[in-house]
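For reference, the structure discussed in these notes is given below.
Every chain is numbered from 1 and lettered A, B, ... according to where its sequence line falls, protein lines coming before strand lines.
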Protein chains: 2
Amino acid sequence: MPSNVAQDSITADDVAELAGVSRWTVSRAFKKDASISAKSRKKVLEAATELGYAPDLLAASLASDKSNLVALLVDDFANPHKLVMMERLTRILRKNGWDTLLVNTLDENDASAALMNASQRRVDAAVLIGVNFNDQELAAALGARRVKKLIVFARSSENPNTISICCDDRSAMTEITGHVIRKGYRRPLFLAGPQTQSAHLMRKETFVRLWHEANGDRPDFISVGSYDPALAYQSVADRMRNSTTDARPDVVVCENDALAMGAVDAIRYELGLKVPQDIAVTGFDDVPQAASPHYLLTTYRQPISAMAEGLVQVLKGESDTTDLCRFSGQLIIRDSA
Amino acid sequence: MPSNVAQDSITADDVAELAGVSRWTVSRAFKKDASISAKSRKKVLEAATELGYAPDLLAASLASDKSNLVALLVDDFANPHKLVMMERLTRILRKNGWDTLLVNTLDENDASAALMNASQRRVDAAVLIGVNFNDQELAAALGARRVKKLIVFARSSENPNTISICCDDRSAMTEITGHVIRKGYRRPLFLAGPQTQSAHLMRKETFVRLWHEANGDRPDFISVGSYDPALAYQSVADRMRNSTTDARPDVVVCENDALAMGAVDAIRYELGLKVPQDIAVTGFDDVPQAASPHYLLTTYRQPISAMAEGLVQVLKGESDTTDLCRFSGQLIIRDSA
DNA sequence: TTTTTTGTTGCACGCGTGTGCAAAAATTGC
DNA sequence: GCAATTTTTGCACACGCGTGCAACAAAAAA
């Protein structure tokens with residue numbers, strides 16, 4: 001090999017030389033609101049285009065201690081709603097300058113290992129959209145100051161060190177309950193997900209309380225180990241197979257659409273009954289499949305985009321923190337109830 | 001503030017001091033197969049645990065020119081199969097030391113902008129699991145040496161600068177076609193996705209060719225603009241609404257499950273017909289929903305995990321490159337055909 | 001024209017780690 | 001017990017860019 005000229009990576013120095021300015025001016029040309037004349041910015045950008053230069057975000061992160069990276073922790077890939085959230089979050093984050101590190105926490109025994117790993121990449125924040133996070137572990141991870149901001153998305157969290165961005169579960173469930181009561185159903189069954197974390201109990205408790213206030217009795221409920229339609233199918237089938245028609249619920253109120261879809265299928269294909277004539281079903285999330293003619297789920301749509309914008313505010317440090325858990329969505333009434 | 005002691009970030013220097021060794025020994029303690037004595041590694045690791053130290057991956061990437069980061073480009077969030085692939089890829093990549101940058105390319109007018117962005121983070125490779133990638137743009141992005149490796153996952157690509165990891169579409173479709181022919185269907189309709197890229201045509205062309213060889217006639221087909229069940233629903237409904245029973249297809253062979261699910265729903269809820277008695281349907285991918293009693297799709301399961309392991313081989317630079325497009329999956333026969 | 005103000009540019013230093021090589025220590029052979 | 005090995009350790013330098021400040025030029029005011 002004859003010479004040792006720099007081969008692939010062009011740096012700001014190269015651009016500086018070509019543009020006839022200093023390296024720092026190059027840096028400024030790429031920074032919005034930087035103190036630089038229009039003339040030299042133009043010079044620099046032209047030189048950059050000619051050389052095919054783009055700033056190295058790794059080096060920038062190291063130097064500025066801001067990575068513009070957000071870790072997205074997910075542990076529940078059976079729920080199609082996660083796909084919706086990922087799409088919305090990645091898009092809106094990107095629009096605002098953040099990239100997304102997707103972390104699958106299914107294998108980790110605890111989320112803090114994943115958090116640790118994310119922190120090694122200096123993420124500006126970790127966003128949890130999963131379900132199985134132990135509040136104590138989160139607290140520990142934050143205590144060790146491993147990650148700058150910890151945000152629980154689309155779920156309420158009681159952990160004071162955590163920022164929760166979600167819609168008002170209580171008022172949402174109140175709408176659903178009101179609809180169910182108005183429709184005149186008499187024997188509800190609440191289908192809940194994992195009962196391990198307190199944050200998951202809100203929807204159930206709200207429903208149970210409101211129902212009791214309205215009708216005097218306390219609705220029955222069952223829970224499944226994860227938000228998986230197949231599991232919900234099994235649970236509902238097992239539960240109802242031996243019920244007499246009289247003892248059978250006439251409406252299944254589900255914690256979310258993933259469970260509701262399993263419930264609908266079980267009612268139809270396992271019990272041979274009709275939805276909603278024999279048993280009605282409600283969901284939560286309004287996943288795309290909920291609108292299909294097969295399900296036509298009555299459900300509740302969270303304002304994911306607005307919530308994602310709220311997340312951006314938090315990242316920018318411009319949030320009022322107070323209203324982040326009071327987003328309100330929309331009850332979507334379809335045929336299933 | 002009285003003193004200026006280092007507050008949050010503990011570096012290798014801190015650990016070195018506590019362990020009584022040099023910073024470079026600390027570095028070695030965290031590197032597998034490094035030349036270091038068991039004794040000093042133990043000392044270092046204990047000190048690290050005590051201080052809560054973890055190596056900074058940003059600085060490491062910068063120094064070593066290896067980021068252990070892979071960009072995953074996705075532009076198709078309506079297809080539930082993407083969720084399966086993301087889960088599998090993130091898990092297996094992580095197990096092998098790579099983190100995943102999730103890039104939503106829905107908004108980008110072209111994938112090369114997304115590639116550029118990923119390259120600024122020095123990703124070791126970009127993995128495409130989307131659909132709307134223009135081969136010319138890919139070539140341009142690679143030509144500018146913006147990204148080290150470009151991998152097309154679960155799709156074949158003719159671009160020579162690209163590494164394609166996928167199952168053998170031809171033999172997979174041959175299995176499906178064989179099943180359809182053996183079942184004795186007479187009037188097939190092929191339901192295809194976007195017809196913009198040549199890589200998408202393989203399944204259709206294989207089916208059409210084999211069918212023609214077997215039965216002499218050429219099957220009809222329609223295509224939809226994206227792999228979205230709702231779109232497939234519309235297309236199938238529009239297509240068949242006015243068909244007489246005789247002219248109607250008796251089997252709809254779909255490019256994947258997302259389309260097949262839309263087709264099944266259209267047949268049932270728009271045309272009021274039965275699957276498979278009136279019209280049969282086949283899919284591709286074996287998404288979780290395909291196994292639900294509502295669809296029971298006859299479909300083809302790709303060996304995603306094995307393919308992901310193949311991807312790891314490529315990342316490690318240990319691949320034989322040849323067999324990467326010859327993975328073979330499994331025909332899953334259910335009730336829909 | 002001189003002084004003040006505003007706008008623009010250059011630079012030393014730091015961010016936290018890896019690499020390759022040379023010095024030092026530990027181990028082995030005779 | 002000494003030399004030849006092998007293992008282990010330390011170090012200068014590099015990675016590419018941002019920050020804060022000081023120097024400089026240009027425009028505005030006097």
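Side-chain to base pairing of B:Arg122 with D:dG16: no donor and acceptor N or O lie closer than 3.5 Å to each other. Judged by distance alone with a 3.5 Å cut-off, a donor-acceptor contact links the side chain of A:Trp24 to the base of D:dT19. Looking at B:Arg28, its side chain comes within 3.5 Å of the base of D:dG10 through a donor and an acceptor atom.
The phosphate of D:dT19 (OP1 or OP2) has a side-chain N or O of A:Lys31 nearer than 4.0 angstrom. The phosphate of C:dT8 (OP1 or OP2) has no side-chain N or O of A:Ser40 nearer than 4.0 angstrom.
In this structure, A:Tyr53 reaches the sugar-phosphate backbone alone: every heavy-atom distance under 4.0 Å involves primed, P, OP1 or OP2 atoms, never a base. Within the 4.0 angstrom heavy-atom criterion, only backbone atoms of the sugar-phosphate kind lie near B:Ile36; the bases stay farther away. Using a 4.0 Å heavy-atom cutoff across all strands shown, B:Ser35 reaches at least one base atom of the nucleic acid. No engagement by B:Ser61 is indicated, since no non-hydrogen atom pair under 4.0 Å with the nucleic acid exists. Within 4.0 Å of A:Ser37, counting heavy atoms only, lie sugar-phosphate atoms of the nucleic acid but no base atom.
Using a 4.5 Å cut-off on side-chain heavy atoms (C-beta onward), A:Ile151 and A:Leu311 make contact. When side chains are defined from C-beta on, B:Arg94 counts as touching A:Asn117, because their heavy atoms get closer than 4.5 Å.
Comparing C:dG16, D:dG18, D:dT9 by their closest approach to the side chain of A:Ala60 singles out D:dG18.
In this structure, B:Ser22 and A:Lys66 both approach DNA chain D, and ranking their closest nucleotides by distance from the 5' end singles out B:Ser22.
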